[in-house]
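See below for the structure under consideration.
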Amino acid sequence: NRAMLVLGTFLFLSCQLYQMFSYVLDYLPGPHNNIFKEIDAVKAFVAEEVKLHQASLDPSAPQDFIDCFLSKMQEVRRHQATAHPQIHLC
């Protein structure tokens with residue numbers, strides 16, 4: 001328990017320092033510089049997968065999470081005026 005407390009404290013302080021001095025980290029080398037590019041790549045991949053699934057969607061036979069999500073979006077559109085935006089999938 002003591003080790004987890006120390007690790008949690010370290011992570012908490014690291015996050016606070018990053019928020020306070022993020023502009024300094026822009027000039028330091030390290031993996032933290034690539035994280036936003038990686039997140040954008042994942043978002044682009046998910047958006048492309050959603051487009052592919054929309055083209056071949058069969059609501060009566062969903063094959064994965066994306067099909068279930070798209071089916072739920074269609075159901076909500078039919079029953080309510082508002083629908084879940086696709087951004088929630090990301």
Side-chain angles (χ1 to χ4, degrees):
N1 281 339
R2 180 89 175 133
M4 294 303 290
L5 179 64
V6 170
L7 180 63
T9 303
F10 172 75
L11 291 175
F12 178 73
L13 291 175
S14 297
C15 290
Q16 281 189 331
L17 287 173
Y18 179 76
Q19 287 179 347
M20 290 170 43
F21 301 108
S22 61
Y23 60 91
V24 173
L25 291 175
D26 290 339
Y27 300 102
L28 297 176
H32 59 276
N33 291 324
N34 296 329
I35 189 100
F36 297 112
K37 290 181 211 169
E38 297 297 326
I39 290 172
D40 288 340
V42 169
K43 285 182 178 181
F45 172 76
V46 170
E48 184 65 30
E49 286 295 312
V50 167
K51 287 179 187 175
L52 291 173
H53 282 262
Q54 282 176 331
S56 64
L57 180 64
D58 180 11
S60 63
Q63 297 183 12
D64 58 11
F65 176 76
I66 296 174
D67 287 347
C68 292
F69 181 81
L70 293 173
S71 296
K72 184 67 175 177
M73 282 178 52
Q74 288 179 352
E75 179 184 322
V76 168
R77 280 191 186 125
R78 280 181 287 208
H79 297 299
Q80 297 177 355
T82 61
H84 298 287
Q86 288 182 2
I87 194 70
H88 288 186
L89 184 62
C90 299

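Just so it is clear, the structure is predicted and the values come from calculations on it, not from any experiment. All residue numbers in this chain count up from 1 along the given sequence.
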From [atom1] ([X]) to [atom2] ([Y]), nearest 0.5 Å:
{"X": "Asp67", "Y": "Gln54", "atom1": "CG", "atom2": "CD", "answer": "10.5 Å"}
{"X": "Glu75", "Y": "Cys68", "atom1": "CD", "atom2": "SG", "answer": "11.0 Å"}
{"X": "His53", "Y": "Leu70", "atom1": "NE2", "atom2": "CG", "answer": "8.0 Å"}

Ignoring hydrogens, what is the shortest heavy-atom contact between Pro59 and Pro62? Give both atom names and the distance.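 In this case the closest contact between Pro59 and Pro62 is O-CD, 3.6 Å.
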If you define the side chain from C-beta out and look only at heavy atoms, does anything of Leu57 sit under 4.5 Å from Gln74?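 The answer is yes, as the side chains (C-beta and beyond) meet within the 4.5 Å cut-off.
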* Asked: For Leu52, which residues count as a side chain to side chain contact (heavy atoms under 4.5 Å, CB included) partner, sequence neighbours excluded?
  ->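 For Leu52 the side chain to side chain contact (heavy atoms under 4.5 Å, CB included) partners, ignoring immediate neighbours, are Glu48, Glu49.
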>> Using the side chain to side chain donor-acceptor pair (under 3.5 Å) criterion, which residues pair with Ser60? Sequence neighbours excluded.
In response: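 Per chain and number, Ser60 pairs via side chain to side chain donor-acceptor pair (under 3.5 Å) with Asp58.
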